[in-house]
Amino acid sequence: MKVMVVGGGGREHAIIKKIKESPKVDKIYALPGNGGIAKDAECVDIKATDLEAIVDFAKKNAIEFAVVAPDDPLVMGLVDMLKAEGIPCFGPDKKAAIIEGSKAFSKELMKKYGIPTAKYETFTDMNEALEYLKTCDMPIVVKADGLALGKGVIIAETLEEAEKAVKSMMEDKVFGESGSCVVIEEFLTGPEVSVLSFTDGNTLIPMVSSMDHKRALDGDKGLNTGGMGTVAPNPYYTKEVADRCAEEIFLPTMAAMNKEGRSFSGCLYFGLMITDDGPKVIEYNCRFGDPETQVVLPLLESDLFDIMVHVSEGTLDEADVRFSDDSACCVVMASKGYPVSYEKGYPINIPDYVNNVYVAGAKLDENGKLVTSGGRVLGVTETAKTLQEAVAAAYRSVGEIFFENSFYRRDIGQRALKALEE
Ligand code: AMP
Ligand code: GLY
């Protein structure tokens with residue numbers, strides 16, 4: 001089959017490498033892909049948000065199946081447009097993608113259906129938001145309603161900080177229209193777990209759990225980023241926690257979306273916090289996480305493409321979904337200065353014997369040489385029998401790779417390893 005994958009980061013590289021293993025896939029196009037993906041798929045220079053151009057390309061090239069990976073095109077309705085042309089897709093339609101596209105929507109959904117999450121209030125009027133803050137205990141969490149590249153969440157330690165956050169979103173519009181509505185919510189504590197799941201609206205199958213490392217610097221210091229590394233499985237996601245999540249969160253969410261007439265088909269991502277009161281939802285994403293995908297898919301033993309087709313056809317209950325018992329670790333190598341500002345264009349040296357590298361922010365220069373082009377440059381993943389071995393192997397591989405101006409966290413997996421010792 002001729003397949004098209006929309007997106008061009010490390011997550012898309014991991015998806016592409018996995019579906020390439022399927023005997024049913026003959027040809028993969030990546031829109032736009034990147035310099036590393038170019039080794040595994042034919043890259044086409046069309047932006048993931050240029051919906052008209054994507055549909056046009058799919059029609060002209062007789063694409064038989066589309067995987068839409070990033071949040072923007074999903075929330076904008078690319079799946080609806082492709083399906084209207086008769087092209088089967090993996091990914092939710094616009095109506096369902098709102099579960100990530102609007103935090104006000106997802107919070108309201110959880111309240112209505114009794115799905116555990118932080119207590120909150122929603123505001124479209126800045127003065128009301130500022131008045132409400134005066135009644136809150138600190139710290140407090142201020143979130144922009146819409147998509148903000150994972151940066152629209154501010155944890156304020158003091159009333160002043162909280163007021164500044166509300167003003168920056170609602171008055172100065174630092175996140176554009178995403179901030180015209182804000183959610184102010186209770187600050188929760190506890191370890192975080194990411195659970196990606198396959199669902200067709202009738203069946204929901206959780207994938208192996210994972211742990212993201214969102215802050216830029218060691219010891220969870222520095223700014224929030226898109227994610228500096230991941231491990232899987234997440235030791236805080238015990239069998240008992242998993243059972244509670246399935247019963248109190250996963251299945252109720254699927255049912256709630258069906259009841260709302262917004263049946264979700266694709267990868268539904270649960271960002272969870274394991275509090276003293278039990279697991280609670282921090283956020284939903286309507287797609288595979290990045291860099292969670294880079295540790296979850298290498299542990300998938302069955303055929304990803306086959307699963308995706310089953311999801312799109314509504315027959316997930318018949319799919320073979322199996323994960324290995326091994327562990328995985330992904331260390332993100334970034335450009336120094338990320339997530340604020342950084343230089344680009346440095347040549348990247350990856351020895352041939354380092355196989356499991358997912359390329360995120362790199363392009364091919366005029367000589368066909370891979371050079372840095374983004375903040376997060378590479379996701380270096382290794383799998384092994386134990387988490388300890390996987391972490392050691394990932395860092396060994398990182399040590400074999402070189403580009404100028406690189407930086408990475410040295411402590412990916414340390415919190416998980418500590419939890420295993422406890
Ligand atoms: P989000 O984009 O909603 O995942 O938020 C980004 C990060 O902010 C999360 O991964 C958490 O670490 C943190 N966060 C979000 N909401 C809360 C909350 N209610 N309490 C504590 N931390 C939170
Ligand atoms: N790694 C978090 C996300 O993809 O949103």
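For ligands, and for the atoms within them, numbers begin at 1 and follow the listed sequence. Scope of the values below: all heavy atoms of this structure, side chains included, with no hydrogens, waters or symmetry mates.
- A perpendicular orientation is assigned to the rings of H13 and Y358, their planes being inclined by more than 60° (bins at 30° and 60°).
- The side-chain contact (heavy atoms from CB on, under 4.5 Å) test with K47 singles out one residue from D50, D45, L51, and that residue is D50.
- Note: an N/O pair closer than 3.5 Å links D290 and ligand 2 by distance alone.
- Within ligand 1, counting atoms from 1 as listed, the ones closer than 4.0 Å to a heavy atom of V153 are 1 (P), 2 (O), 3 (O), 5 (O), 8 (O), 15 (C).
- Judged by the shortest distance from any of its heavy atoms, G289 lies inside the 4.0 Å radius around the atoms of ligand 2.
- Using cut-offs of 30° and 60° on the angle between ring planes, the pair F270 and F250 is tilted.
- Residue contact check: V141 has heavy atoms under 4.0 Å from atoms 16 (N), 17 (C), 18 (C), 19 (N), 20 (N) of ligand 1.
- Of the candidates E192, M273, R215, E192 brings a heavy atom nearest to atom 12 (O) of ligand 1.
- Below 3.5 Å of separation, one finds an N or O of E186 facing an N or O of ligand 1.
- Residue contacts with ligand 2 for E292 involve side-chain atoms from C-beta outward but no N, CA, C or O (heavy atoms, distance under 4.0 Å).
- Checked for salt-bridge contact, R409 and D220 meet the test: a charged N lies under 4.0 Å from a carboxylate O.
- At least one heavy atom of Y269 sits less than 4.0 Å from an atom of ligand 2.
- The residue from V332, V331, V296 that alone fulfils the side-chain contact (heavy atoms from CB on, under 4.5 Å) condition with P291 is V332.
- Using a 4.0 Å cut-off to heavy atoms of N285, the atoms of ligand 2 that qualify are 3 (C), 5 (O).
- Here I155 has side-chain heavy atoms under 4.0 Å from ligand 1, and that is the only part of it that gets that close.
- Ring geometry for Y408 against Y395 counts as tilted: the plane angle lies between 30° and 60°, on a 0 to 90° scale.
- Near D212, with a cut-off below 4.0 Å to any heavy atom, the atoms of ligand 2 are 1 (N), 2 (C).
- In terms of protein heavy-atom proximity, atom 5 (O) of ligand 2 is nearest to R287 NH2, 2.9 Å.
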| task | Please report the C-alpha distance between S22 and D303 in whole Å, then the side-chain angles of each, then the deciding distance to 0.1 Å, and finally whether the side-chain hydrogen bond (donor to acceptor under 3.5 Å, both in side chains) criterion is met. | result | CA-CA 6 Å; S22 173; D303 182 328; 2.9 Å; yes

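- Under a 4.0 angstrom heavy-atom cut-off, G226 registers as being in contact with ligand 2.
- Each of the atoms 4 (O), 10 (O) of ligand 1 lies under 4.0 Å from some heavy atom of K214.
- When side chains are defined from C-beta on, F323 does not count as touching P233, because their heavy atoms never get closer than 4.5 Å.
- When the shell of 6.0 Å around NZ of K18 is examined, it contains more than 12 heavy atoms from other residues, nucleotides or ligands.
- Within ligand 1, the atoms closer than 4.0 Å to a non-hydrogen atom of E185 are 16 (N), 17 (C), 18 (C), 19 (N), numbered from 1 in the order shown.
- You'll find the ring centres of Y269 and Y284 outside the 6.0 Å limit.
- Only the side chain of K143 comes within contact range of ligand 1, with a heavy atom under 4.0 Å; no backbone atom does.
- In the vicinity of F187, heavy-atom distances shorter than 4.0 Å reach the ligand 1 atoms 20 (N), 21 (C).
- Between the side chain of D326 and the backbone N or O of T383 there is no donor-acceptor pair closer than 3.5 Å.
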